[in-house]
Amino acid sequence: MIPQHVFIALTGASGSLYGLRLAEQLVLNSVQVTFCASCSGTAVCREETGLDLSGDLEKAGGRLREHLEITSGITLVHPDDLFCPVASGSSAPDAMVVVPCSMGTLARIAVGVSGNLIERCADVMLKERRPLLLVPRETPLSDIHLENMLKLSRSGARIIPAMPAFYSQPDTILDLVDFVVGKILDQLGMDNDLYKRWGSR
Ligand SMILES: Cc1cc2nc3c(=O)[nH]c(=O)nc-3n(C[C@H](O)[C@H](O)[C@H](O)COP(=O)(O)O)c2cc1C
């Protein structure tokens with residue numbers, strides 16, 4: 001089933017570009033996006049892209065839309081807003097993508113902490129058996145990271161590491177980003193030509 005509503009969580013791992021590009025692509029494909037950045041995600045995003053998602057939500061949402069060059073289809077929510085509809089199984093999104101996913105958020109999801117909206121919604125997705133896609137970025141990986149990923153994979157989450165391939169012969173940073181974002185869209189069941197598929201040339 002192609003999702004109509006996707007919750008994107010941008011956390012404090014490097015790779016804010018992945019989350020922003022995914023949001024843009026989903027909105028352009030008429031998918032409703034609820035977008036949430038953790039406090040660290042907000043800081044890393046500002047560092048990496050210049051986009052400031054802090055402060056007043058309405059103004060920050062405007063800056064997000066301006067950055068993505070879209071006018072609607074995306075709602076910015078605060079990570080402390082546990083009253084947000086996506087915090088409940090009765091109103092869960094069709095899919096959730098944590099991109100990029102920090103090892104901290106990954107660990108807290110793995111043990112069911114549910115301490116903020118991102119962790120709570122991920123917990124809801126697992127208990128409701130809905131698609132939860134995690135896009136971790138860290139290197140090297142410790143045993144703890146690997147064990148958490150295995151535990152989450154066995155619980156139904158899909159682990160899509162931010163690991164662009166080079167067989168598609170990327171020319172630009174956007175090509176590298178689009179390889180990963182294309183893989184995420186594949187997992188959401190959405191047709192895309194964001195990356196060159198092997199054998200397509
Ligand atoms: C510039 C910068 C880059 C970071 N990159 C990573 C990373 O790639 N992976 C990771 O797991 N943590 C990374 N961190 C650390 C996380 O931001 C930190 O563990 C934070 O507490 C995660 O919080 P969150 O999970 O609530 O977003 C980075 C921090 C900074 C300041």
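Keep in mind it's a predicted model, so treat the numbers as computed, not measured. Read the numbers this way: they start at 1 and go in the same order the structure lists the ligands and their atoms.
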Worksheet item: Is there a chain of hydrophobic side chains (I, L, V, M, F, W, Y, each step under 4.5 Å between heavy atoms) that links V27 to L68?
Response: yes
Practice prompt. Apply salt bridge (Lys or Arg N to Asp or Glu O under 4.0 Å) to E24 and list each qualifying residue two or more places apart in sequence or on a separate chain.
Written response: R21
Discussion item. Give me each pair satisfying side-chain hydrogen bond (donor to acceptor under 3.5 Å, both in side chains) with a member in residues 25-34, each pair once, sequence neighbours excluded.
Written reply: H5-T34
Worksheet item: Name the residues in contact with ligand 1, where contact means a heavy atom under 4.0 Å away: which are they?
Response: T11, G12, A13, S14, S38, S40, V44, S102, M103, T105, R108, R137, E138
Discussion item. Here's a test for you: under side chain to side chain contact (heavy atoms under 4.5 Å, CB included), which of V97, L174, V135, L22 qualifies with V181?
Written reply: L22
Item to complete: Would you name the heavy atoms of T105 and V98 that are closest together and state the gap between them?
Response: CG2-CG1, 4.3 Å
Fill in: Results of side-chain hydrogen bond (donor to acceptor under 3.5 Å, both in side chains) for Y195 - residues two or more places apart only
D186, R197
